[in-house]
Amino acid sequence: MLLSQVDFTVAELLFSLNFIACNSTLILYTHMLDFPNAKINLGLYVTEKRSDGFHNLESCFYPVQWCDALEILPAQTEQFTLTGLPVPGNPETNLCLKAYKLLQQDFALPPIQLHLHKVIPMGAGLGGGSSDAAFTLRLLNSVFGLNLSTAILQNYARQLGSDCAFFIENKAVIATEKGDVFTALDLNLRGYTCVLVYPGIHITTAEAYGNIKPKPAPQPLESILKQDVITWKDLLHNDFETALFPKYPELAQLKEKLYAAGAVYASMSGSGSTVYGLFKGEVPANLVFPDNYLIRHSLL
């Protein structure tokens, strides 16, 4: 059953079980459906411009439960289909398909149908496309029994995008260099609710970096994150806010609205335009936003 044929909330409960004949052998697929999640940035410092045109950064990547749905189905010919939020551009350039073709260069993968139901908004600073690519690698590794280690999967993911490799392990890390070198971080935000607000402003990477002036982080990020969350408001910053808030004042207003509602910490995620707030306990019932905004509450 295609995800396009069922309601997404129902699809989240499905366990997909399918068979395919391949090389005269019947293969049992038991892990054909997965839910690529988003991430937020807890602090983001653009520290220097690299000689290869990229930037070095320092940030904490933290997973949140705002999810797409990704399904692999048996097929006679290679297919890629999309439902949900519209995805601009040629589907042939989608990162899910690129992930499949990347592994296909090294392994004799049979034709499949990849179906992506898009829920995470694009240009939102949530890493949705990167997550889709990484989960494609993970799912293919599982379905076809490739037995690739975490490190090898991360190396494949790095070829698809700077933050793709994060979603292979999908645990809190300090990310440095291009956002693809990780240091494990013992950070537990259990008991907090993350309210994510996407106001429908699509910010390209080029636009976000256009007004950035790289500089070293004022103090080690890990030392800030080890302090009580209540202190983060004055210590933990996202450099892209300085670059983008003057152009998009509604983003600054969103951040202040979350603080006014009782958020312990609020920030823009990545290069925007999603703004999130961390709430301890219940989120106030009177915290409402315009109907055209996309909102998600994620228990951490």
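Numbers here are sequence positions counted from 1.
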For the side chain of [X] and the backbone of [Y], is there at least one donor-acceptor N/O pair under 3.5 Å apart?
| X | Y | result |
| --- | --- | --- |
| S59 | A175 | no |
| Y45 | L221 | no |
| T47 | N56 | yes |
| S269 | L126 | no |
| K39 | G125 | yes |
| S142 | R138 | no |
| T274 | A124 | yes |
| S273 | I201 | yes |
| Y198 | I120 | no |
| D68 | V119 | yes |

Might you confirm whether atom [atom1] of [X] has over 12 heavy atoms from other residues, nucleotides or ligands at distances under 6.0 Å?
| X | atom1 | result |
| --- | --- | --- |
| K171 | NZ | no |
| D186 | CG | no |
| Q76 | CD | no |
| N188 | CG | yes |
| Q219 | CD | yes |
| K178 | NZ | yes |

### Query
Think K255 forms a cation-pi with F245, using NZ or CZ under 6.0 Å from the six-ring centre and within 45 degrees of its axis?
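Verdict for F245: no cation-pi partner in K255.
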### Message
Under 6.0 Å from the ring centre and within 45 degrees of the ring axis: does the NZ or CZ of K280 meet both conditions for the six-membered ring of Y192?
### Response
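Verdict for Y192: a cation-pi partner in K280.
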Tell me whether [X] shares a hydrophobic cluster with [Y], the cluster being built from Ile, Leu, Val, Met, Phe, Trp, Tyr side chains joined at under 4.5 Å.
| X | Y | result |
| --- | --- | --- |
| I40 | V275 | no |
| Y62 | V283 | no |
| V46 | F61 | no |
| L300 | I230 | yes |
| L102 | L146 | yes |

#### Entry: CA sep, side-chain torsions, deciding dist, call: Q65, L299, side chain to side chain contact (heavy atoms under 4.5 Å, CB included)
CA-CA 7 Å; Q65 291 307 305; L299 295 176; over 6 Å; no
### Task
Would you sort out whether V229 and L189 count as a side chain to side chain contact (heavy atoms under 4.5 Å, CB included), showing the intermediate values?
CA-CA 9 Å; V229 178; L189 294 177; 4.0 Å; yes
For [X] and [Y], which heavy atoms make the closest approach, and how far apart are they?
| X | Y | value |
| --- | --- | --- |
| I203 | L244 | CD1-CD1, 3.9 Å |
| C164 | A157 | CB-O, 3.3 Å |
| E241 | M268 | OE2-N, 2.8 Å |
| S267 | N238 | OG-CB, 3.9 Å |
| H202 | M122 | ND1-O, 3.3 Å |
| L33 | E71 | CD1-CB, 4.0 Å |

### Task
Could you check whether the rings of Y156 and F107 sit parallel, tilted or perpendicular, using 30° and 60° as the cut-offs?
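Tilted: the ring planes of Y156 and F107 meet at 30° to 60°.
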### Verdict with reasoning, N94 to D132, per side chain to side chain contact (heavy atoms under 4.5 Å, CB included)
CA-CA 9 Å; N94 188 277; D132 295 336; 5.5 Å; no
Are any of the side-chain heavy atoms of [X] and [Y] separated by less than 4.5 Å?
| X | Y | answer |
| --- | --- | --- |
| T183 | T176 | no |
| F240 | L251 | no |
| L258 | Y276 | no |

### Message
Assess, by modelled atom type and distance only, whether the side chains of E169 and T150 contain a donor and an acceptor separated by less than 3.5 Å.
### Response
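No, no side-chain donor-acceptor contact under 3.5 Å.
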